[in-house]
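Take a look at the structure set out below.
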Amino acid sequence: MEGREKIALIARLVESREIAPEVRHFVFDVPSVERLTFAAGQFVSFTELFDGLKVTRAYSIASPPDGNSFELCLNRVLDGRFSPYLFQLHPGEEIEMKGPLGGFTVRDPNVDAIFVATGTGIAPIRGILKDQLRRGSTRDYLLLFGVRHEHGILYSREFEALARQHPNFRFWPTLSRPDASWKSRTGHVQTHLEEALSGRSGIHVYICGMKAMVDDVRARLKEKGFDRKQIIYEKYD
Ligand SMILES: Cc1cc2nc3c(=O)[nH]c(=O)nc-3n(C[C@H](O)[C@H](O)[C@H](O)COP(=O)(O)OP(=O)(O)OC[C@H]3O[C@@H](n4cnc5c(N)ncnc54)[C@H](O)[C@@H]3O)c2cc1C
């Protein structure tokens with residue numbers, strides 16, 4: 001395993017499908033290995049040549065370990081380089097990959113946790129939650145997931161099903177631009193942090209998304225006396 005992250009592998013697209021406007025779910029495999037060993041929540045690093053220049057981007061693995069395949073969840077960045085390229089990839093096409101890498105992983109499986117995500121920041125958290133729940137964890141888990149519109153609640157049916165199956169898992173989507181028909185939580189994830197914490201101080205908080213949200217949630221937690229070891233985060237920008 002030593003040095004595995006430095007070795008370039010070839011990932012092959014198995015399938016990709018739209019799960020919300022401008023958001024796709026991808027399944028890749030790595031045909032050269034029997035098993036891709038990683039901890040749920042880690043990311044892979046993809047490299048491709050654009051006009052003769054090597055461009056590398058990180059993508060969080062959205063699935064728990066499963067043989068030699070892994071899943072990603074991406075939004076297409078307008079005028080972006082890499083995300084539009086991945087969106088037009090066809091099944092069977094290949095891409096250079098390194099990893100899995102990174103430390104956005106479960107710090108202590110014996111501690112209750114809140115997961116805070118916005119947009120595709122849900123990717124590594126989906127992997128972690130599916131992994132922990134399938135292992136039979138009985139810890140208390142709460143997912144606070146912020147998006148603009150109802151159709152942007154990625155994997156909503158899956159999380160709703162998990163919440164039905166596991167009484168220790170609560171799913172709180174919140175919309176910043178809801179339609180009149182939306183009868184649940186509204187506003188940014190920060191609006192609901194206090195209620196999610198409900199006075200608990202001995203828990204871990206996992207945060208993933210764009211820098212502005214991640215930094216704001218971290219600052220709020222620090223104000224409440226949370227130690228930095230209790231806050232695990234990944235920033236996409
Ligand atoms: C550890 C890590 C994990 C990541 N995991 C994911 C993931 O699972 N899914 C994913 O979609 N992206 C993820 N990203 C972001 C990804 O690496 C790219 O930055 C993103 O795809 C944009 O690349 P691009 O070449 O298309 O755009 P670029 O030409 O690089 O344009 C960059 C612009 O896109 C913004 N940007 C970066 N990420 C996003 C995003 N997700 N949504 C909107 N704007 C963004 C940047 O702030 C910047 O303004 C991750 C980043 C890191 C560091």
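Nothing fancy with the numbering, it's 1 onward along the sequence. Each ligand, and each atom within it, is numbered from 1 in the order the structure gives.
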Practice task
Count the heavy atoms belonging to other residues, nucleotides or ligands that lie under 6.0 Å from CD of Gln88, then report whether that count exceeds 12.
Solution key: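 More than 12 heavy atoms, drawn from other residues, nucleotides or ligands, come within 6.0 Å of this atom.
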Practice task
May I ask you to check whether over 12 heavy atoms, not counting those of Leu49, lie within 6.0 Å of atom CG?
Solution key: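 Yes.
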I want to confirm something. Looking only at heavy atoms, which of [options] is nearest to [atom]?
atom                    : options                       : value
atom 9 (N) of ligand 1  : Ser60, Pro84, Cys73, Ala62    : Cys73
atom 40 (C) of ligand 1 : Asn75, Leu101, Leu74          : Asn75
atom 26 (O) of ligand 1 : Ser83, Gly103, Cys208, Ala212 : Ser83
atom 28 (P) of ligand 1 : Arg126, Arg57, Met210, Arg76  : Arg57

May I ask you to identify the nearest protein heavy atom to [atom], giving residue, atom name and distance to one decimal place in Å?
atom                    : result
atom 34 (O) of ligand 1 : Val77 CG1, 3.4 Å
atom 37 (C) of ligand 1 : Tyr236 O, 3.8 Å
atom 21 (O) of ligand 1 : Tyr59 OH, 2.8 Å
atom 53 (C) of ligand 1 : Lys235 O, 3.5 Å
atom 29 (O) of ligand 1 : Arg81 N, 3.2 Å
atom 47 (O) of ligand 1 : Asp237 CB, 3.2 Å
atom 10 (C) of ligand 1 : Thr120 OG1, 3.6 Å
atom 27 (O) of ligand 1 : Gly80 CA, 3.3 Å

Handout entry: Lys211 backbone acceptor or donor facing Asp237 side chain under 3.5 Å
Key =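 A pair under 3.5 Å: yes.
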Problem - Any non-hydrogen protein atom less than 4.0 Å away from atom 3 (C) of ligand 1 - result: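 Given the 4.0 Å limit, the answer for atom 3 (C) of ligand 1 is yes, a protein heavy atom qualifies.
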Practice task
Specify whether the nearest protein heavy atom to atom 49 (O) of ligand 1 is under 4.0 angstrom away.
Solution key: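 No, because not a single protein heavy atom sits under 4.0 Å from atom 49 (O) of ligand 1.
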Exercise for the section: Check the side chains of Asp216 and Gln190 for a donor-acceptor pair under 3.5 angstrom, ignoring hydrogens and angles. Expected result: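 Result is yes, a qualifying pair exists.
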Practice task
Say whether Ala58, considering both its backbone and side-chain N or O atoms, lies within less than 3.5 Å of an N or O atom on ligand 1.
Solution key: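 For ligand 1, there is an N or O atom that lies under 3.5 Å from one belonging to Ala58.
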Practice task
Flag Phe82 as yes when one of its N or O atoms lies below 3.5 Å from any N or O atom of ligand 1, and as no otherwise.
Solution key: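 It does: an N or O of Phe82 is found under 3.5 Å from an N or O of ligand 1.
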Exercise for the section: Would you verify whether the NZ or CZ of Arg57 falls within 45 degrees of the ring axis of Phe46 while also being under 6.0 Å from that six-membered ring's centre? Expected result: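 Because its charged atom misses either the 6.0 Å distance or the 45° angle limit, Arg57 does not stack over Phe46.
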Exercise for the section: In sequence, state the C-alpha distance, the side-chain angles, and the governing distance for Phe82 and Phe50, and then conclude on ring pair (Phe, Tyr, Trp, His ring centres under 6.0 Å). Expected result: CA-CA 9 Å; Phe82 223 106; Phe50 294 97; 5.5 Å; yes
Mark up the atoms of ligand 1 that fall under 4.0 Å of a heavy atom belonging to [X], in ascending order.
X      : answer
Ala123 : 8 (O)
Glu234 : 1 (C)
Phe43  : 1 (C)

Problem - Distance-minimising heavy-atom pair for Glu234 and Val214 - result: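 So the two residues come closest at O-CG2, 3.8 Å.
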Exercise for the section: Apply ring pair (Phe, Tyr, Trp, His ring centres under 6.0 Å) to His25 and Tyr155, showing your working. Expected result: CA-CA 10 Å; His25 176 83; Tyr155 309 109; 5.5 Å; yes
Practice task
Go through the steps for Asp29 and Arg12 under the test salt bridge (Lys or Arg N to Asp or Glu O under 4.0 Å), then give the verdict.
Solution key: CA-CA 5 Å; Asp29 66 7; Arg12 177 179 66 183; 2.9 Å; yes
Handout entry: Passing option when Pro124 is tested against Phe104, Phe43, Tyr206 for side-chain contact (heavy atoms from CB on, under 4.5 Å)
Key =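 Going through Phe104, Phe43, Tyr206 one by one, the side-chain contact (heavy atoms from CB on, under 4.5 Å) with Pro124 is satisfied by Phe104 alone.
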Exercise for the section: Report yes if the distance between the aromatic ring centroids of Phe28 and Phe70 is under 6.0 Å, otherwise no. Expected result: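 Centroid distance Phe28-Phe70: below 6.0 Å, so yes.
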Problem - Euclidean distance, Ser45 OG relative to Glu96 CD, rounded to 0.5 Å - result: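 Going from the CD atom of Glu96 to the OG atom of Ser45 covers 8.5 Å.
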